[in-house]
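Taking it in order: structure first as C-alpha coordinates, then the write-up.
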Amino acid sequence: MTPKILTTLKTYDRSQFAADLIAGITVAMVALPLSLAIAIASGADPAQGLVTAIVAGFVISALGGSRVQIGGPTGAFIVVVFGVIAEHGYDGLVLATLMAGVILIAAGLFRVGNLIAFVPEAVVNGFTIGIAAIIATSQLKDLLGLQADMPAEFFGKIHAIWANQGEIVPQSLGVGLLTGGLIIVLRRLFPRWPRLIVAVAVGSAAVALLNLPVDTIAARFGALPSRLPMPRVPAMGWDRMVELLPSACVIAFLAGVESLLSAMVADRMIGSRHRTGVEVIAQGAANLASALFGGLPATGAIARTATNVRAGGRTPVAGIVHALTLLVLMIVAAPLAGYLAMPAMAALLILTAWNMAEPHKWPDYMRAPLSDRLLLLLTLVLTVLTDLTVAIGVGVALGLAIRLRRRHVDPADWHMPDR
(Lines give C-alpha, C1' and ligand atoms only; values in the text may rest on other atoms or scores of the structure.)
Protein backbone atom coordinates (compact mmCIF):
# COMPACT_ATOMS: atom_id res chain seq x y z
CA MET A 1 0.00 0.00 0.00
CA THR A 2 2.96 2.32 -0.65
CA PRO A 3 2.63 4.99 -3.38
CA LYS A 4 4.95 4.35 -6.32
CA ILE A 5 6.60 7.75 -5.97
CA LEU A 6 8.18 6.67 -2.67
CA THR A 7 9.55 3.55 -4.33
CA THR A 8 10.91 5.24 -7.45
CA LEU A 9 12.60 8.12 -5.61
CA LYS A 10 14.99 5.68 -3.90
CA THR A 11 16.96 5.30 -7.12
CA TYR A 12 16.06 8.64 -8.72
CA ASP A 13 18.81 10.57 -10.52
CA ARG A 14 19.36 13.67 -12.63
CA SER A 15 19.01 11.92 -15.99
CA GLN A 16 15.65 10.46 -15.02
CA PHE A 17 14.45 13.87 -13.88
CA ALA A 18 15.40 15.32 -17.27
CA ALA A 19 13.36 12.61 -19.00
CA ASP A 20 10.41 13.09 -16.66
CA LEU A 21 10.56 16.86 -17.13
CA ILE A 22 10.34 16.59 -20.93
CA ALA A 23 7.59 13.97 -20.70
CA GLY A 24 5.56 16.01 -18.21
CA ILE A 25 5.68 19.15 -20.34
CA THR A 26 4.77 17.13 -23.44
CA VAL A 27 1.74 15.57 -21.76
CA ALA A 28 0.64 19.00 -20.47
CA MET A 29 0.50 20.25 -24.07
CA VAL A 30 -1.81 17.34 -24.89
CA ALA A 31 -3.89 17.71 -21.71
CA LEU A 32 -4.55 21.46 -22.04
CA PRO A 33 -6.92 21.46 -25.03
CA LEU A 34 -8.44 18.11 -24.04
CA SER A 35 -9.28 19.28 -20.53
CA LEU A 36 -11.00 22.40 -21.84
CA ALA A 37 -12.89 20.48 -24.53
CA ILE A 38 -14.05 17.71 -22.18
CA ALA A 39 -15.39 20.26 -19.68
CA ILE A 40 -17.31 22.11 -22.40
CA ALA A 41 -18.80 18.87 -23.75
CA SER A 42 -19.81 17.93 -20.19
CA GLY A 43 -21.92 21.06 -19.83
CA ALA A 44 -19.41 22.64 -17.43
CA ASP A 45 -17.21 25.71 -17.56
CA PRO A 46 -13.93 25.09 -19.46
CA ALA A 47 -11.94 26.31 -16.45
CA GLN A 48 -13.31 23.39 -14.43
CA GLY A 49 -11.65 20.96 -16.82
CA LEU A 50 -8.32 22.70 -16.37
CA VAL A 51 -8.69 22.72 -12.57
CA THR A 52 -9.41 18.98 -12.69
CA ALA A 53 -6.29 18.25 -14.72
CA ILE A 54 -4.14 20.27 -12.31
CA VAL A 55 -5.52 19.16 -8.95
CA ALA A 56 -6.54 15.57 -9.71
CA GLY A 57 -3.53 15.04 -11.98
CA PHE A 58 -1.17 16.06 -9.18
CA VAL A 59 -2.88 13.86 -6.56
CA ILE A 60 -3.03 10.77 -8.81
CA SER A 61 0.68 10.99 -9.57
CA ALA A 62 1.71 11.82 -5.99
CA LEU A 63 -0.35 9.08 -4.30
CA GLY A 64 -0.95 6.51 -7.06
CA GLY A 65 0.21 2.95 -7.50
CA SER A 66 1.41 3.30 -11.10
CA ARG A 67 4.78 4.63 -12.18
CA VAL A 68 3.48 6.53 -15.21
CA GLN A 69 -0.27 7.09 -14.80
CA ILE A 70 -1.51 10.52 -15.91
CA GLY A 71 -4.84 11.57 -14.43
CA GLY A 72 -7.44 14.17 -15.26
CA PRO A 73 -10.87 14.56 -16.88
CA THR A 74 -11.61 11.98 -19.58
CA GLY A 75 -14.16 11.45 -22.30
CA ALA A 76 -15.72 8.51 -20.45
CA PHE A 77 -17.19 10.94 -17.90
CA ILE A 78 -18.78 13.34 -20.39
CA VAL A 79 -22.13 11.58 -20.59
CA VAL A 80 -22.62 11.02 -16.86
CA VAL A 81 -21.33 14.50 -15.91
CA PHE A 82 -23.62 16.16 -18.44
CA GLY A 83 -26.58 14.20 -17.07
CA VAL A 84 -25.83 14.99 -13.42
CA ILE A 85 -25.39 18.72 -14.11
CA ALA A 86 -28.60 18.83 -16.17
CA GLU A 87 -30.63 17.06 -13.48
CA HIS A 88 -29.01 18.17 -10.21
CA GLY A 89 -26.95 21.26 -11.08
CA TYR A 90 -23.21 21.71 -10.65
CA ASP A 91 -23.46 21.52 -6.85
CA GLY A 92 -25.04 18.10 -7.30
CA LEU A 93 -22.08 17.01 -9.43
CA VAL A 94 -19.63 18.21 -6.77
CA LEU A 95 -21.43 16.22 -4.07
CA ALA A 96 -21.66 13.12 -6.29
CA THR A 97 -17.93 13.38 -7.03
CA LEU A 98 -17.13 13.70 -3.32
CA MET A 99 -19.22 10.61 -2.62
CA ALA A 100 -17.50 8.76 -5.46
CA GLY A 101 -14.14 9.67 -3.92
CA VAL A 102 -15.19 8.15 -0.60
CA ILE A 103 -16.46 5.01 -2.36
CA LEU A 104 -13.14 4.63 -4.22
CA ILE A 105 -11.05 5.08 -1.07
CA ALA A 106 -13.14 2.44 0.71
CA ALA A 107 -12.83 0.14 -2.33
CA GLY A 108 -9.05 0.57 -2.31
CA LEU A 109 -8.74 -0.12 1.42
CA PHE A 110 -10.82 -3.29 1.09
CA ARG A 111 -9.04 -4.26 -2.16
CA VAL A 112 -12.28 -4.26 -4.13
CA GLY A 113 -10.30 -3.06 -7.11
CA ASN A 114 -9.29 -6.66 -7.76
CA LEU A 115 -12.93 -7.37 -8.68
CA ILE A 116 -12.55 -5.16 -11.77
CA ALA A 117 -11.06 -8.24 -13.43
CA PHE A 118 -14.52 -9.85 -13.28
CA VAL A 119 -16.21 -7.09 -15.32
CA PRO A 120 -16.71 -8.64 -18.79
CA GLU A 121 -14.56 -7.07 -21.48
CA ALA A 122 -17.57 -6.98 -23.81
CA VAL A 123 -19.37 -4.68 -21.33
CA VAL A 124 -16.39 -2.31 -21.13
CA ASN A 125 -16.07 -2.25 -24.93
CA GLY A 126 -19.81 -1.78 -25.41
CA PHE A 127 -20.26 1.23 -23.17
CA THR A 128 -16.97 2.74 -24.38
CA ILE A 129 -18.18 2.66 -27.99
CA GLY A 130 -21.58 3.95 -26.87
CA ILE A 131 -19.99 6.86 -25.00
CA ALA A 132 -17.84 7.62 -28.04
CA ALA A 133 -20.94 7.79 -30.25
CA ILE A 134 -22.69 10.15 -27.81
CA ILE A 135 -19.62 12.41 -27.56
CA ALA A 136 -19.22 12.62 -31.34
CA THR A 137 -22.87 13.53 -31.97
CA SER A 138 -22.83 16.09 -29.14
CA GLN A 139 -20.02 17.96 -30.92
CA LEU A 140 -21.72 18.24 -34.31
CA LYS A 141 -23.57 21.40 -33.25
CA ASP A 142 -20.32 23.34 -32.61
CA LEU A 143 -18.56 21.76 -35.57
CA LEU A 144 -21.33 22.97 -37.91
CA GLY A 145 -21.81 26.33 -36.18
CA LEU A 146 -25.50 25.70 -35.42
CA GLN A 147 -27.30 27.95 -32.95
CA ALA A 148 -30.45 25.84 -32.47
CA ASP A 149 -31.05 24.14 -29.13
CA MET A 150 -30.29 20.42 -29.18
CA PRO A 151 -32.32 17.82 -27.27
CA ALA A 152 -30.49 15.50 -24.89
CA GLU A 153 -31.61 12.28 -26.62
CA PHE A 154 -29.26 10.72 -29.18
CA PHE A 155 -31.74 10.38 -32.03
CA GLY A 156 -33.37 13.68 -31.12
CA LYS A 157 -29.99 15.33 -31.65
CA ILE A 158 -29.58 13.70 -35.05
CA HIS A 159 -33.07 14.82 -36.09
CA ALA A 160 -32.45 18.41 -34.90
CA ILE A 161 -29.16 18.62 -36.81
CA TRP A 162 -30.85 17.34 -39.97
CA ALA A 163 -33.75 19.77 -39.53
CA ASN A 164 -31.34 22.73 -39.18
CA GLN A 165 -28.92 21.80 -41.94
CA GLY A 166 -29.76 25.04 -43.74
CA GLU A 167 -28.24 26.99 -40.83
CA ILE A 168 -24.77 25.42 -41.12
CA VAL A 169 -21.95 27.99 -41.01
CA PRO A 170 -19.40 27.00 -43.72
CA GLN A 171 -16.57 28.87 -41.97
CA SER A 172 -17.18 26.90 -38.78
CA LEU A 173 -17.13 23.59 -40.61
CA GLY A 174 -13.97 24.67 -42.45
CA VAL A 175 -12.15 25.46 -39.19
CA GLY A 176 -13.19 22.09 -37.77
CA LEU A 177 -12.03 20.20 -40.85
CA LEU A 178 -8.73 22.12 -40.86
CA THR A 179 -8.11 21.26 -37.20
CA GLY A 180 -9.08 17.61 -37.59
CA GLY A 181 -6.99 17.23 -40.72
CA LEU A 182 -3.96 18.75 -39.00
CA ILE A 183 -4.30 16.40 -36.03
CA ILE A 184 -4.30 13.39 -38.37
CA VAL A 185 -1.44 14.66 -40.55
CA LEU A 186 0.76 15.68 -37.62
CA ARG A 187 0.19 12.32 -35.98
CA ARG A 188 1.54 10.57 -39.08
CA LEU A 189 4.39 12.94 -39.95
CA PHE A 190 5.50 14.22 -36.54
CA PRO A 191 4.26 11.74 -33.91
CA ARG A 192 6.35 13.33 -31.14
CA TRP A 193 4.86 16.80 -31.61
CA PRO A 194 2.08 18.03 -29.27
CA ARG A 195 -0.24 17.80 -32.26
CA LEU A 196 -3.49 18.52 -30.42
CA ILE A 197 -2.56 21.95 -29.16
CA VAL A 198 -0.74 22.80 -32.42
CA ALA A 199 -3.75 21.89 -34.55
CA VAL A 200 -6.26 23.67 -32.29
CA ALA A 201 -3.99 26.73 -32.16
CA VAL A 202 -3.70 26.85 -35.96
CA GLY A 203 -7.47 26.52 -36.41
CA SER A 204 -8.14 29.19 -33.79
CA ALA A 205 -5.49 31.51 -35.26
CA ALA A 206 -7.24 31.28 -38.62
CA VAL A 207 -10.47 32.44 -36.95
CA ALA A 208 -8.73 35.43 -35.32
CA LEU A 209 -6.62 36.49 -38.33
CA LEU A 210 -9.42 36.15 -40.90
CA ASN A 211 -12.08 37.54 -38.53
CA LEU A 212 -14.36 34.59 -39.23
CA PRO A 213 -17.89 34.44 -37.75
CA VAL A 214 -16.97 31.53 -35.51
CA ASP A 215 -17.64 31.09 -31.78
CA THR A 216 -14.70 31.03 -29.33
CA ILE A 217 -14.31 30.01 -25.69
CA ALA A 218 -14.14 33.63 -24.50
CA ALA A 219 -17.19 34.64 -26.54
CA ARG A 220 -19.28 31.86 -25.02
CA PHE A 221 -17.90 31.47 -21.50
CA GLY A 222 -16.00 34.68 -20.81
CA ALA A 223 -12.38 34.95 -19.70
CA LEU A 224 -10.71 31.95 -18.08
CA PRO A 225 -9.42 32.44 -14.51
CA SER A 226 -5.69 32.80 -13.98
CA ARG A 227 -5.52 31.03 -10.61
CA LEU A 228 -6.97 28.05 -8.80
CA PRO A 229 -10.18 28.65 -6.83
CA MET A 230 -10.27 28.26 -3.07
CA PRO A 231 -11.54 24.85 -1.87
CA ARG A 232 -15.19 24.75 -0.85
CA VAL A 233 -17.32 22.04 0.76
CA PRO A 234 -20.77 21.74 -0.86
CA ALA A 235 -24.00 21.69 1.13
CA MET A 236 -24.80 18.16 2.24
CA GLY A 237 -28.07 16.57 3.27
CA TRP A 238 -29.17 12.98 3.70
CA ASP A 239 -31.95 13.19 1.11
CA ARG A 240 -29.62 14.86 -1.37
CA MET A 241 -26.95 12.21 -0.87
CA VAL A 242 -29.44 9.37 -1.33
CA GLU A 243 -30.68 11.04 -4.51
CA LEU A 244 -27.14 11.33 -5.89
CA LEU A 245 -25.91 7.88 -4.78
CA PRO A 246 -26.56 6.16 -8.17
CA SER A 247 -24.58 8.87 -9.97
CA ALA A 248 -21.77 8.62 -7.41
CA CYS A 249 -21.61 4.85 -7.92
CA VAL A 250 -21.38 5.27 -11.70
CA ILE A 251 -18.62 7.87 -11.33
CA ALA A 252 -16.72 5.59 -8.93
CA PHE A 253 -17.15 2.61 -11.24
CA LEU A 254 -15.93 4.50 -14.31
CA ALA A 255 -12.99 6.00 -12.42
CA GLY A 256 -11.99 2.60 -11.07
CA VAL A 257 -12.34 0.71 -14.34
CA GLU A 258 -10.65 3.30 -16.56
CA SER A 259 -7.77 3.97 -14.15
CA LEU A 260 -6.96 0.29 -13.71
CA LEU A 261 -7.26 -0.38 -17.45
CA SER A 262 -4.90 2.53 -18.07
CA ALA A 263 -2.49 1.23 -15.43
CA MET A 264 -2.50 -2.22 -17.03
CA VAL A 265 -1.79 -0.75 -20.47
CA ALA A 266 1.09 1.25 -18.96
CA ASP A 267 2.46 -1.88 -17.26
CA ARG A 268 2.72 -3.62 -20.62
CA MET A 269 4.45 -0.61 -22.16
CA ILE A 270 7.19 -0.28 -19.52
CA GLY A 271 7.37 -3.81 -18.13
CA SER A 272 6.24 -2.80 -14.66
CA ARG A 273 3.40 -3.72 -12.30
CA HIS A 274 1.04 -1.26 -10.64
CA ARG A 275 -0.35 -1.51 -7.12
CA THR A 276 -4.11 -1.87 -7.50
CA GLY A 277 -5.19 -0.88 -3.99
CA VAL A 278 -2.97 2.19 -3.88
CA GLU A 279 -4.12 3.27 -7.33
CA VAL A 280 -7.81 3.04 -6.41
CA ILE A 281 -7.22 4.99 -3.18
CA ALA A 282 -5.37 7.67 -5.16
CA GLN A 283 -8.30 7.92 -7.58
CA GLY A 284 -10.61 8.44 -4.62
CA ALA A 285 -8.36 11.12 -3.09
CA ALA A 286 -8.08 12.83 -6.50
CA ASN A 287 -11.85 12.99 -6.92
CA LEU A 288 -12.24 14.38 -3.41
CA ALA A 289 -9.64 17.07 -4.13
CA SER A 290 -11.04 17.89 -7.58
CA ALA A 291 -14.55 18.35 -6.20
CA LEU A 292 -13.36 20.56 -3.34
CA PHE A 293 -11.55 22.83 -5.82
CA GLY A 294 -14.55 23.07 -8.12
CA GLY A 295 -13.40 20.51 -10.68
CA LEU A 296 -14.91 17.48 -12.40
CA PRO A 297 -14.61 13.72 -11.87
CA ALA A 298 -11.17 12.40 -12.79
CA THR A 299 -9.43 9.14 -13.55
CA GLY A 300 -6.34 7.77 -15.24
CA ALA A 301 -6.31 8.73 -18.91
CA ILE A 302 -5.06 6.00 -21.23
CA ALA A 303 -4.08 8.30 -24.12
CA ARG A 304 -2.22 10.78 -21.91
CA THR A 305 -0.53 7.95 -19.99
CA ALA A 306 0.66 6.40 -23.26
CA THR A 307 1.92 9.82 -24.39
CA ASN A 308 3.86 10.11 -21.14
CA VAL A 309 5.51 6.71 -21.68
CA ARG A 310 6.41 7.45 -25.30
CA ALA A 311 7.90 10.80 -24.27
CA GLY A 312 10.24 9.11 -21.77
CA GLY A 313 8.35 9.42 -18.47
CA ARG A 314 9.14 6.56 -16.10
CA THR A 315 8.20 7.81 -12.62
CA PRO A 316 5.28 9.73 -11.05
CA VAL A 317 7.43 12.88 -11.18
CA ALA A 318 6.42 13.24 -14.86
CA GLY A 319 2.76 13.39 -13.84
CA ILE A 320 3.51 16.00 -11.19
CA VAL A 321 5.43 18.06 -13.77
CA HIS A 322 2.42 17.76 -16.09
CA ALA A 323 0.11 19.19 -13.40
CA LEU A 324 2.50 22.01 -12.47
CA THR A 325 3.01 22.91 -16.14
CA LEU A 326 -0.76 23.24 -16.56
CA LEU A 327 -0.86 25.46 -13.46
CA VAL A 328 1.83 27.73 -14.93
CA LEU A 329 -0.06 27.88 -18.23
CA MET A 330 -3.23 28.77 -16.34
CA ILE A 331 -1.48 31.63 -14.54
CA VAL A 332 0.42 32.95 -17.57
CA ALA A 333 -1.65 32.13 -20.66
CA ALA A 334 -5.29 32.04 -19.53
CA PRO A 335 -6.29 35.01 -21.78
CA LEU A 336 -4.88 33.24 -24.86
CA ALA A 337 -7.00 30.15 -24.20
CA GLY A 338 -10.09 32.31 -24.62
CA TYR A 339 -9.29 32.63 -28.34
CA LEU A 340 -9.60 28.87 -28.93
CA ALA A 341 -12.34 28.28 -31.50
CA MET A 342 -15.31 26.08 -30.61
CA PRO A 343 -15.34 24.13 -33.92
CA ALA A 344 -11.63 23.39 -33.42
CA MET A 345 -12.40 21.99 -29.96
CA ALA A 346 -15.31 20.03 -31.44
CA ALA A 347 -13.06 18.46 -34.08
CA LEU A 348 -10.58 17.52 -31.34
CA LEU A 349 -13.31 15.76 -29.33
CA ILE A 350 -14.77 13.96 -32.36
CA LEU A 351 -11.35 12.48 -33.11
CA THR A 352 -10.91 11.67 -29.41
CA ALA A 353 -14.24 9.82 -29.52
CA TRP A 354 -13.09 7.91 -32.61
CA ASN A 355 -9.91 6.86 -30.82
CA MET A 356 -11.92 5.90 -27.70
CA ALA A 357 -14.00 3.51 -29.79
CA GLU A 358 -10.78 1.76 -30.97
CA PRO A 359 -12.08 0.84 -34.47
CA HIS A 360 -8.94 -1.22 -35.14
CA LYS A 361 -10.27 -3.75 -32.61
CA TRP A 362 -13.73 -4.10 -34.17
CA PRO A 363 -12.75 -7.07 -36.39
CA ASP A 364 -11.63 -8.92 -33.24
CA TYR A 365 -14.95 -8.14 -31.57
CA MET A 366 -16.75 -9.65 -34.55
CA ARG A 367 -14.78 -12.89 -34.16
CA ALA A 368 -15.68 -13.22 -30.48
CA PRO A 369 -18.28 -15.77 -29.28
CA LEU A 370 -21.87 -14.90 -30.16
CA SER A 371 -22.77 -14.26 -26.52
CA ASP A 372 -19.94 -11.68 -26.21
CA ARG A 373 -21.02 -9.95 -29.40
CA LEU A 374 -24.63 -9.74 -28.22
CA LEU A 375 -23.50 -8.47 -24.79
CA LEU A 376 -21.36 -5.77 -26.41
CA LEU A 377 -24.21 -4.72 -28.70
CA LEU A 378 -26.74 -4.66 -25.86
CA THR A 379 -24.47 -2.56 -23.64
CA LEU A 380 -23.78 -0.17 -26.54
CA VAL A 381 -27.49 0.27 -27.34
CA LEU A 382 -28.44 0.76 -23.68
CA THR A 383 -25.65 3.32 -23.26
CA VAL A 384 -26.86 5.35 -26.24
CA LEU A 385 -30.61 5.04 -25.68
CA THR A 386 -30.92 4.98 -21.86
CA ASP A 387 -28.05 5.88 -19.51
CA LEU A 388 -24.82 4.46 -18.15
CA THR A 389 -26.38 3.27 -14.89
CA VAL A 390 -28.77 0.96 -16.73
CA ALA A 391 -26.17 -0.09 -19.32
CA ILE A 392 -23.52 -0.98 -16.75
CA GLY A 393 -25.95 -2.72 -14.40
CA VAL A 394 -27.58 -4.86 -17.08
CA GLY A 395 -24.28 -5.53 -18.87
CA VAL A 396 -22.39 -6.64 -15.76
CA ALA A 397 -25.29 -8.83 -14.54
CA LEU A 398 -25.67 -10.58 -17.91
CA GLY A 399 -21.90 -10.87 -18.31
CA LEU A 400 -21.51 -12.62 -14.97
CA ALA A 401 -24.41 -14.92 -15.79
CA ILE A 402 -22.74 -15.84 -19.09
CA ARG A 403 -19.45 -16.48 -17.28
CA LEU A 404 -21.16 -18.79 -14.78
CA ARG A 405 -22.90 -20.64 -17.60
CA ARG A 406 -19.59 -21.16 -19.41
CA ARG A 407 -18.16 -22.68 -16.26
CA HIS A 408 -21.17 -25.01 -16.06
CA VAL A 409 -22.22 -23.77 -12.66
CA ASP A 410 -25.62 -25.18 -11.72
CA PRO A 411 -28.00 -22.32 -10.76
CA ALA A 412 -29.04 -24.43 -7.80
CA ASP A 413 -25.53 -23.98 -6.40
CA TRP A 414 -25.52 -20.15 -6.62
CA HIS A 415 -26.85 -19.73 -3.04
CA MET A 416 -24.48 -19.22 -0.13
CA PRO A 417 -23.78 -22.42 1.86
CA ASP A 418 -25.29 -22.75 5.33
CA ARG A 419 -22.92 -22.04 8.18
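- With a 4.5 Å cut-off on side-chain heavy atoms, T7 and R275 count as touching.
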Per-pair distances, 0.1 Å, donor-acceptor, side chain in residues 33-45, under 3.5 Å, sequence neighbours excluded:
unit_1 : atom_1 : unit_2 : atom_2 : d
S35    : OG     : A31    : O      : 2.7
S42    : OG     : I38    : O      : 2.7
D45    : OD1    : A47    : N      : 2.9

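- Side-chain atoms of W362 and I129, non-hydrogen and from C-beta on, do get closer than 4.5 Å to each other.
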For residues 279-291, which side-chain donor-acceptor pairs fall under 3.5 Å, sequence neighbours excluded?
unit_1 : atom_1 : unit_2 : atom_2 : d
E279   : OE1    : G65    : N      : 2.8
E279   : OE1    : S66    : N      : 3.2
E279   : OE2    : Q69    : NE2    : 3.2
E279   : OE2    : Q283   : NE2    : 2.7
N287   : OD1    : A298   : N      : 2.9
N287   : ND2    : Q283   : O      : 2.8
N287   : ND2    : A298   : O      : 3.0
S290   : OG     : L296   : N      : 3.2
S290   : OG     : L296   : O      : 2.6

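- For F127 against T383, the heavy-atom pair with the smallest separation is CB-OG1, 3.4 Å.
- The minimum heavy-atom distance linking L349 with I135 is given by the pair O-CG2, 4.1 Å.
- Looking only at side-chain heavy atoms (C-beta outward), S204 and T216 stay at 4.5 Å or farther from each other.
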Only pairs under 3.5 Å count here: list side-chain donor-acceptor contacts from residues 306-313, not counting sequence neighbours, and write none if there are none.
unit_1 : atom_1 : unit_2 : atom_2 : d
T307   : OG1    : A303   : O      : 2.9
N308   : ND2    : V68    : O      : 3.0

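- Looking only at side-chain heavy atoms (C-beta outward), V265 and T305 stay at 4.5 Å or farther from each other.
- When atom types are taken as modelled, the side chain of S172 and the backbone of V169 share no donor-acceptor pair closer than 3.5 angstrom.
- With hydrogens and angles ignored, the 3.5 Å screen pairs a side-chain donor or acceptor of R67 with a backbone N or O of R314.
- Taken from CD1 in I350 to CG in L143, the straight-line distance is 4.5 Å, to the nearest 0.5 Å.
- Contact check for T179 versus P343: no side-chain heavy atoms found under the 4.5 Å cut-off.
- Within a 6.0 Å sphere centred on OH of Y12, other residues, nucleotides and ligands contribute more than 12 heavy atoms.
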Exercise for the section: Take V242 and W238 through the test side chain to side chain contact (heavy atoms under 4.5 Å, CB included) and record every step on the way to the result. Expected result: CA-CA 6 Å; V242 171; W238 179 253; 3.7 Å; yes
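- Listed for the T8 side chain is a donor-acceptor partner under 3.5 Å among the backbone atoms of I5.
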Exercise for the section: Check step by step if side chain to side chain contact (heavy atoms under 4.5 Å, CB included) holds for M356 and I131. Expected result: CA-CA 9 Å; M356 274 182 63; I131 290 169; 3.8 Å; yes
Practice task
Under the side chain to side chain contact (heavy atoms under 4.5 Å, CB included) rule, what do L50 and L32 come out as? Steps first, then yes or no, please.
Solution key: CA-CA 7 Å; L50 194 53; L32 177 62; 3.6 Å; yes
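- Side chain to side chain, T315 and D20 meet the donor-acceptor criterion of an N or O pair below 3.5 Å.
- Contact check for S262 versus R304: no side-chain heavy atoms found under the 4.5 Å cut-off.
- Scanning both residues, V278 and P3, for their nearest heavy atoms gives CG1-CA, 3.8 Å.
- Not a single donor-acceptor pair under 3.5 Å links the side chain of N211 to the backbone N or O of V207.
- S259 places a side-chain N or O within donor-acceptor distance of the main-chain N or O of G256, the cut-off being under 3.5 Å.
- Listed here is the closest heavy atom pair of C249 and I103: SG-CD1, 4.2 Å.
- Contact detail for A235 and L95: the closest heavy-atom pair is O-CD2, 4.0 Å.
- Listed by first and then second residue, the salt bridge (Lys or Arg N to Asp or Glu O under 4.0 Å) pairs that reach into residues 335-362 are E358-K361, sequence neighbours excluded.
- In this structure, I183 CD1 and L351 CG are separated by 5.0 Å, a value rounded to the nearest 0.5 Å.
- Taking OG1 from T11 and CG from D13, the interatomic distance works out to 7.5 Å, rounded to the nearest 0.5 Å.
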Practice task
Kindly indicate, with the supporting measurements, whether the criterion side chain to side chain contact (heavy atoms under 4.5 Å, CB included) is fulfilled by M241 and L244.
Solution key: CA-CA 5 Å; M241 293 172 68; L244 289 165; 6.0 Å; no
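- Of the options T97, L254, T52, a side-chain contact (heavy atoms from CB on, under 4.5 Å) to F77 is made by L254 and by none of the others.
- For residues 210-233, the set of pairs meeting the salt bridge (Lys or Arg N to Asp or Glu O under 4.0 Å) definition, not counting sequence neighbours, comprises D91-R232, D142-R220, D215-R220.
- Across all non-hydrogen atoms, the minimal contact from I60 to G72 is CD1-N, 4.4 Å.
- With values rounded to the nearest 0.5 angstrom, I302 atom CD1 is found 13.5 Å from I70 atom CD1.
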Just distance, no hydrogens or angles: give the donor-acceptor pairs under 3.5 Å from side chains in residues 318-341, sequence neighbours left out.
unit_1 : atom_1 : unit_2 : atom_2 : d
H322   : ND1    : G319   : O      : 3.1
T325   : OG1    : V321   : O      : 2.7

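- Side chains of L378 and V394 form a contact here, defined as non-hydrogen atoms less than 4.5 Å apart.
- Crowding of M366 atom CE: a count of heavy atoms from other residues, nucleotides or ligands under 6.0 Å exceeding 12.
- How far CE of M345 is from CD of Q139: 9.5 Å, rounded to the nearest 0.5 Å.
- The shortest side-chain heavy-atom distance between Q48 and Y90 falls under the 4.5 Å cut-off.
- With rounding to the nearest 0.5 angstrom, the CG atom of D149 is 9.5 Å from the CG atom of N164.
- In this structure, E258 contributes its side chain and A255 its backbone to no donor-acceptor pair below 3.5 Å.
- Counting only distance, with no hydrogens or angles, the side chain of N125 and the backbone of E121 share a donor-acceptor pair below 3.5 Å.
- Heavy-atom neighbours of Q165 CD from other residues, nucleotides or ligands within 6.0 Å: above the threshold of 12.
- Side-chain N/O atoms of H274 and T276 include a donor and acceptor closer than 3.5 Å.
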